[in-house]
Amino acid sequence: YRNTEGQIMDALLIAKYAATAIDLIPKLLAAGMSIKEHIDETQAALKAMQDGNRDPTEQEWAALNAQVDALRAKLHSGNG
């Protein structure tokens with residue numbers, strides 16, 4: 001059982017998360033197609049590695065990490 005103050009704090013925290021999510025929607029939509037293309041490319045590369053029954057090389061990991069970093073930067077900049 002939570003007291004009223006705890007319930008209010010929970011509601012404020014939920015509202016804060018909801019506001020953050022709503023603020024991200026335009027950025028996600030703007031970046032959506034570009035991100036989807038990158039995700040598809042990454043999935044294809046990982047599937048090829050899986051089909052070859054091998055782990056990614058250090059260079060492949062570096063390329064995948066760079067791609068994730070680039071997508072993250074693009075998402076946070078809002079320039080899809």
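Residues: numbered from 1 along the sequence shown. As a basis for the values below, the full set of heavy atoms in this structure was taken, side chains included, without hydrogen atoms, waters or symmetry mates.
- A donor-acceptor pair under 3.5 Å is absent between the side-chain atoms of Gln50 and the main chain of Lys47, judged by distance alone.
- Atom CG of Leu64 sits about 11.5 Å away from atom CD of Gln59, to the nearest 0.5 Å.
- When every heavy atom of Glu60 is checked against every heavy atom of Asp55, the shortest pair comes out as OE1-O, 4.3 Å.
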